[in-house]
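Beneath this line is the structure, given in structure tokens, with notes to follow.
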Amino acid sequence: MNAQTKPITVCMGSSCYARGNANNVELIQTWLRIHGMGDSVELGGTLCEGRCCEGPVVRIGQTVYTKVAPASVGDILEHEFPEAAHG
Ligand code: FES
């Protein structure tokens, strides 16, 4: 098992939440479950990251993704967790 996978932090500040992260967090949870990573990836929320005009903001490990559209969630997760996407 991957004990050291990158954590995912979703900005749940009011701007990001309203601009799409309410939906994105559900898409992320579903993707992780489908790919068998629901228990190995730490998924959390954060308050406003001070980048509202670039939102919705999602952080995966050290990488900050901005303007995350629902349609791009799958591509981002496949890029970040290729072992799950292709495993
Ligand atoms: S609400 Fe997400 S950066 Fe401000």
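Counting convention: from 1, in listed order, for ligands and their atoms alike.
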Shared hydrophobic cluster for M37 and V25 (ILVMFWY, side-chain gaps under 4.5 Å) = yes
Sequence neighbours left out, cut at 3.5 Å: what donor-acceptor pairs do the side chains of residues 62-69 make with other protein atoms?
unit_1	atom_1	unit_2	atom_2	d
Y65	OH	E80	OE2	2.5
K67	NZ	C53	O	3.4

Do the side chain of N21 and the main chain of V58 share a donor and acceptor less than 3.5 angstrom apart?
-> no
Could you go through residues 8-15 and list every donor-acceptor pair under 3.5 Å that involves a side-chain atom there, pairing it with any protein atom two or more places apart or in another chain?
none

Please name all residues satisfying side-chain hydrogen bond (donor to acceptor under 3.5 Å, both in side chains) with R59, sequence neighbours left out, ordered by chain then number.
-> E49
Contact residues of ligand 1 (heavy atom under 4.0 Å), by chain and number = C11, G13, S15, C16, C48, E49, G50, R51, C52
Ignoring hydrogens and angles, tell me if any N or O in the side chain of H79 forms a donor-acceptor pair with the backbone of D75 under 3.5 Å.
-> no
